[in-house]
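Let me begin by presenting the structure, written as structure tokens, before commenting on it.
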Amino acid sequence: IPSRSAENPREPPVTTAPPTLRREAMDKRFDPASYEPRLQRWWHERGFFRADPASGRPPFAIMIPPPNVTGKLHIGHALQSTLQDLLVRWKRMCGFEALWLPGTDHAGIATQLMVERELAKEGTSRAEIGRERFLERTWAWKHEHHGNIRRQLDLLGASADFTRERFTMDEGLSRAVAETFVRLYDEGLITRGEYMVNWSPQLQTAVSDLEVESKTVHGHLYHVAYQVEGSDERIVVATTRPETMLGDTAIAKHPDDERYRHLGGGAAILPLVGRRLPFVDDAAVDPEFGTGLVKVTPAHDPTDFEIGRRHGLPAIEVIDRSGRMSEAAGEGFAGLDRFAARRRVVERLREEGRLARVEDHVHNVGHSQRGGEPIEPLISTQWFCDVSAMARRALDAVRDGRLALVPETYVKTWEHWLENIKPWCISRQLWWGHRVPAWYDAEGRVFVGRDAGEAAARGGVDPAALTQDPDVLDTWFSSALWPFSTLGWPEDTEDLRTFYPTDVLVTGHDILFFWVARMAMFGLHLTGEVPFRTVHLTGLVRDAEGKKMSKTAGNVLDPADLAAEYGADALRFTLAILDVPGRDVPLDPERMAGYRAFGNKIWNATRFALARVGEDDRVQTELPADGLAAPERWILSRLSATAGEVNARFADFRFDEACNRLYHFFWGDLCDWSIELAKPALAGDAPRPRVGDVLLTVLDRSLRLLHPVMPFLTEELWQRLPGREAIHPETIALAPYPTAEEGWRDDEVERRMAALIEVVTRVRALRAELEVPAAERVGLALGAGDAALADFLAEHAPLIADLCRAELSPAGTERPGAV
RNA sequence: AGGCCCGUAGCUCAGUUGGUUAGAGCGCUACGUUGACAUCGUAGAGGUCAGCGGUUCAAGUCCGCUCGGGCCUACCA
């Protein structure tokens, strides 16, 4: 290394030995892109994140909420992945055998729609190419996109065990699905039956209640006059869906409604059709609404379906699976779209003088979450899962504390939903997914089994004579098994024994019912244990103004772009510090720029330390505070307190508070004060014992404390610390996580140093107030009412003077209590 | 209709069991290139804690009501 003075004679001569080449090699520029990909590759090549069930260390497991295999990670995934990785890295450093299991979901409807869109571009369709070729196309699509999720997790620095990566439709998980279906069928919890379901005419499939979104619609309330049979009396019935009247089979009233008591036993005549509609009494009718009389369409309304069942009414299907009027709707209506039919019916009613009046009416209408169109309630034969008993177990698990929801405000929501749960429609008229493991013979008899052979054997029939159910299972059916199917269930594997039940689930509150509740129910039922002990529910990531991100609003932030611009660590830090329980996350790139600056600060502080510490200074595994000067004892005390606080906050899932604490410790305590206080000592102007060792030791522990949040930067810097091999020979990722050190805690030093800091701050404020030029040295006399404190300040007077650009007044001029 | 959450500095938000002078980041103002960092440093301005009432020695914090905003659940035709 050429000496600076030789190169440039005007530079002051180098007085200390030159730093090692490794220290000198540190680039002045802080550039995350220069090391992030290299470290991620190295970590995984070295297998640091491969979990070993035989290690003997206590296990800690997190299962990733599997993203859509053909999708890409959005900012919400980045938030959840950051928190999961943070927890897993923290626990790993705390000595746990930490497993973060990654994987992807086949996402039935979503993926099928994507492939159908592709086909449409090519001018063909699912129906045209047939089931077999369609599935080939979808698998090809899956393989094409399969690496995307892994690549994006890599960008974030995910310390997931990719040797255990799973896919919901891979062989093992598919076996788990069949196993579950057969078990629940044998227990009578899965049944096939004809019920009213939510039908999506656009997707041509049944969907579950959760896949129906209720939207406010400005519609009309049509009042239709009916003729009472054998009388001159006209009664008026109100409806929002006049087209369904073509399938009416009764008129219902409340049993106690005195106004209509005389109608009991009689009937009305259905306009346009002429059908005889008996009057029925049913408590489901609200006498207060409309006229207190309800037209009953058992085939196209859930309430009417129930009324129909109670009174043995026929169900006439007037709307078909594509949302058009069927033959049963009659001449002039058959073949019309359901909304066109509505207009036609209203027209005809008006012509016939049957339309008493029309009011504007605002009401909620169920829409298909995926298709977007209004749901058509239809009677259909589907597979249902009775989850009522499982729901009670899931309720108990939360009530008795085996399963904790964080934040706990979700407990009420959880209870409300589970207490009112209804059978889950699990079959879907789709092709992409786990095919229902049920087979039928020529007579339509059902045989259920793990495969065709077993189904046939169980029924004692010839497998060749059986046809498999064409439907697939709801995507969430396989997702519900995720925490244990990924570990090998139903096999009794070492992974399952070691890592199940898992510890934490981190996911968005939007899939509390879709996924979390179902995992809890299936997990408890099938394994007898909660699938995870704690659920940390995150909010929705919004833009800087708190608005929802959407493609149409153009405010979508892509985590890959953000990682490229600010570095993955800054992205992670921002997401973690903004994760306040129970609140949405307003993500402001300006703020991320601030945390990139924090990375820069850490980079430069380390660069400074490496350049200034003595050649023999080293990171210490143990460093007794005895014999150290106050500034050194102070920073060690602050470090110890920070370590204690950060561990406690991580344990409480208060990532925001932990990050805040780390930020202020590093920037405030360490950089603004400790390093500034160390400068004269490091320069040799006023030597203090072990200043370099302390600085390196504090940096080591600070980097370790920060590692779960900022893994890349901390690894890159930690590798350069002299003596860090004593902490861990290879990587900071496996180095122990620092905890509070009782021996470093020193309240007295903290109190005195707080006074010293206040003195400096006040002098600086005074200078600013009196507009003393920055370069001008002011006179300073120090003193304090407290004799011990006065001694302390006197002892550190040169340091204080240095920090306020002051010159000490001649000795003997101090006045107690004055500065 | 029921449930949940929110309303604190210009903006986005912290504020644990009620307890000195209510904090952070960004933004703003003034000064500054002092031996790592201008992705920086020093100092500073800025708040009737939505409103009203109550409990208390003490309320941003607990209770009630009002206003405003958001979310979830729900078969009112």
Side-chain angles (χ1 to χ4, degrees), chain A residues 12 26 28-30 196 209-210 214 221-222 237-241 244 252 284-286 288-297 301-307 361 363-364 366 377 407 409-413 415-417 420 509-510 512-513 539-540 542-546 548 566 570 574 577-578 580 582-612 648-649 652 654 656-657 660 663-664 667 671-672 675-676 679-680 682-683 685 760-769 771-775 802-805:
Chain A
M26 209 174 146
K28 184 173 178 180
R29 213 168 77 93
F30 163 61
M196 177 140 287
D209 293 348
L210 280 175
S214 104
L221 192 57
Y222 302 90
V237 168
T239 178
T240 56
R241 299 193 61 193
T244 63
V285 179
D286 174 7
E288 306 293 315
F289 187 89
T291 58
L293 290 174
V294 183
K295 59 187 270 313
V296 182
T297 321
D301 182 276
T303 310
D304 293 5
F305 176 77
E306 295 299 329
I307 294 175
H361 184 61
H363 59 137
N364 293 325
T409 57
Y410 288 102
V411 170
K412 279 199 176 175
T413 317
E415 289 179 342
H416 181 260
W417 192 72
N420 296 288
H509 66 73
D510 52 329
L512 184 63
F513 306 136
L540 192 71
R542 295 169 175 275
D543 73 3
E545 279 81 45
K548 218 173 202 165
Y566 300 96
T574 311
I577 205 168
L578 290 176
V580 176
R583 214 202 65 207
D584 284 342
V585 177
L587 186 62
D588 186 354
E590 294 270 328
R591 187 144 181 176
M592 212 175 301
Y595 295 126
R596 182 185 55 190
F598 180 46
N600 178 65
K601 190 76 182 174
I602 297 169
W603 180 270
N604 279 295
T606 307
R607 196 162 65 89
F608 169 80
L610 293 178
R612 296 292 161 182
R649 296 283 76 84
D652 289 344
R654 288 307 301 258
D656 58 328
E657 291 185 348
N660 252 314
Y663 181 89
H664 287 106
W667 204 315
C671 293
D672 291 347
I675 289 181
E676 292 305 319
K679 281 177 181 175
L682 287 167
D685 299 345
V760 173
T761 306
R762 292 231 193 148
V763 171
R764 284 170 175 170
L766 210 51
R767 291 180 60 119
E769 198 183 318
E771 295 179 338
V772 178
D802 208 52
L803 291 169
C804 348
R805 298 189 65 70

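Order of the sequence lines fixes the chain letters, A, B, ..., with proteins taken first and strands second; residue numbering starts at 1 for each chain.
In the set B/rG35, B/rC76, B/rA14, B/rA14 carries the atom at the smallest distance from any side-chain atom of A/Val580. The listed nucleotides are B/rU39, B/rG44, B/rC37; the one nearest the side chain of A/Asn604 is B/rC37. Nearest to the side chain of A/Thr409, among B/rU39, B/rC76, B/rC5, sits B/rC5. Comparing atom distances between the A/Ala683 side chain and each of B/rG41, B/rG35, B/rG15 picks out B/rG35 as nearest. Closest to the A/Trp417 side chain, of the nucleotides B/rG32, B/rG41, B/rU73, is B/rU73. Out of B/rA36, B/rA77, B/rA43, the shortest distance to the side chain of A/Phe608 is found at B/rA36. Nearest nucleotide to the side chain of A/Lys412, out of B/rA77, B/rC40, B/rC4: B/rC4. Checking B/rA14, B/rC37, B/rG70 against the side-chain heavy atoms of A/Arg542 singles out B/rG70 as nearest. Picking from B/rU39, B/rG35, B/rA24 the nucleotide with the shortest atom distance to the side chain of A/Asp685 gives B/rG35. Residue A/His664 places its side chain closer to B/rG25 than to any other of B/rG25, B/rG41, B/rU39.
The side-chain heavy atoms of A/Phe513 and A/Thr413, taken from C-beta on, include a pair separated by under 4.5 Å. Under the 4.5 Å side-chain criterion, counting only non-hydrogen atoms from C-beta, A/Asp301 is not in contact with A/Pro377. Two residues are said to be in side-chain contact when any heavy atoms from C-beta on lie closer than 4.5 Å; A/Asp543 and A/Leu587 fail this criterion. When side chains are defined from C-beta on, A/Glu415 counts as touching A/Val411, because their heavy atoms get closer than 4.5 Å. When side chains are defined from C-beta on, A/Asn600 does not count as touching A/Tyr595, because their heavy atoms never get closer than 4.5 Å. Side-chain contact between A/Leu803 and A/Arg764 is present, with at least one heavy-atom pair separated by less than 4.5 Å. Considering only heavy atoms from C-beta on, A/Tyr222 stays 4.5 Å or farther from A/Thr240 through its side chain.
Residue-level contact check: A/Asp588 touches neither bases nor backbone, having no heavy atom under 4.0 Å from any strand. Using a 4.0 Å heavy-atom criterion, one finds that A/Ser214 contacts the bases of the nucleic acid, with or without backbone contacts as well. Counting non-hydrogen atoms under 4.0 angstrom, A/Ala544 reaches the backbone sugars and phosphates but no base. Among the protein residues, A/Ala605 comes within range of the nucleic acid bases, having at least one heavy atom under 4.0 Å from a base atom. In this structure, A/Lys679 reaches the bases: a heavy-atom distance under 4.0 Å links it to at least one base atom across the strands shown. Across all strands shown, A/Arg764 has heavy atoms under 4.0 Å from sugar-phosphate atoms exclusively, and none from any base. Counting non-hydrogen atoms under 4.0 angstrom, A/Val285 reaches a base of the nucleic acid. A/Val294 comes within 4.0 angstrom of a nucleotide base, judged by non-hydrogen atoms across all strands. As judged by a 4.0 angstrom heavy-atom cut-off over every strand, A/Pro586 is placed among residues touching the sugar-phosphate backbone only. Across all strands, A/Ala597 comes closer than 4.0 Å to base atoms (heavy-atom distances).
The distance between atom NZ of A/Lys548 and atom C1' of B/rG70, rounded to the nearest whole Å, is 9 Å. When the C1' atom of B/rC72 is taken as reference, atom CG of A/Asp209 falls 15 Å away, rounded to whole Å. Summarising the geometry, the separation between CG on A/Asp510 and C1' on B/rU73 is reported as 15 Å, rounded to the nearest angstrom. The interatomic distance linking A/Tyr595 (OH) with B/rG25 (P) rounds to 8 Å, in whole Å. Between A/Asn364 atom CG and B/rA74 atom P the separation is 11 Å, expressed in whole Å. Between the CD atom of A/Glu676 and the P atom of B/rG41 there is a distance of 10 Å, rounded to whole Å. In this structure, A/Glu769 places its CD atom 10 Å from P of B/rA45, rounding to the nearest Å. Straight-line distance from the CG atom of A/Leu766 to the P atom of B/rG44: 11 Å, rounded to whole Å.
The residues A/Glu676 and A/Lys679 are annotated as salt-bridged, a charged nitrogen and a carboxylate oxygen being separated by less than 4.0 angstrom.
No side-chain donor-acceptor contact under 3.5 Å links A/Asp656 and A/Asn660.
Taking atom C1' in both B/rG25 and B/rG68, one finds a spacing of 27 Å when rounded to whole Å. Across the C1' atoms, B/rC28 and B/rA45 are found 8 Å apart, a figure rounded to whole Å. Atom name P, nucleotides B/rA30 and B/rG35: the rounded distance is 25 Å, in whole Å. The separation of B/rA74 from B/rU17, taken at their P atoms, amounts to 32 Å, rounded to a whole angstrom. Taking the C1' atoms as reference points, B/rU21 lies 16 Å from B/rA58, given to the whole Å. B/rA50 and B/rU61: their P atoms are spaced 8 Å apart (whole Å). Comparing B/rG41 with B/rG60, their C1' atoms are spaced 34 Å from each other, to the whole Å. Rounded to the nearest Å, the gap between the P atom of B/rU20 and that of B/rC49 is 16 Å.
Side-chain N/O atoms of A/Arg805 and base N/O atoms of B/rU34 include a donor-acceptor pair closer than 3.5 Å. Put simply, the side chain of A/Lys601 and the base of B/rC37 share a donor and an acceptor less than 3.5 Å apart.
Distances shown here put a side-chain N or O of A/Arg654 below 4.0 Å from the OP1 or OP2 atom of B/rG15. OP1 or OP2 of B/rG41 lies within a sub-4.0 Å distance of a side-chain N or O belonging to A/Trp667. A sub-4.0 Å separation between OP1 or OP2 of B/rA77 and a side-chain N or O of A/Lys295 is absent. For the pair A/His509 and B/rC71, the criterion of a side-chain N or O lying under 4.0 Å from OP1 or OP2 is not met. Listed pair A/His361 / B/rA77 meets the phosphate criterion, a side-chain N or O lying under 4.0 Å from OP1 or OP2.
Between the side chain of A/Asp588 and the main chain of A/Ala544, no donor-acceptor pair closer than 3.5 Å is present.
Applying the salt bridge (Lys or Arg N to Asp or Glu O under 4.0 Å) rule to A/Asp652 yields the partners A/Arg649; only residues at least two apart in sequence or on another chain are considered.
Projected onto RNA chain B by closest heavy-atom contact, A/Arg649 and A/Phe598 fall at different nucleotides, the more 5' of which corresponds to A/Arg649. If A/Asp301 and A/Leu210 are placed on RNA chain B by their nearest nucleotide, the residue sitting closer to the 5' end is A/Leu210.
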Structure string for RNA chain B in dot-bracket form, Watson-Crick and G-U at under 3.5 Å, | interchain: (((((((..((((.....[...)))).(((((.......))))).....(((((..]....))))))))))))....
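A ring-centre distance under 6.0 Å is found for A/Phe598 and A/Tyr663.
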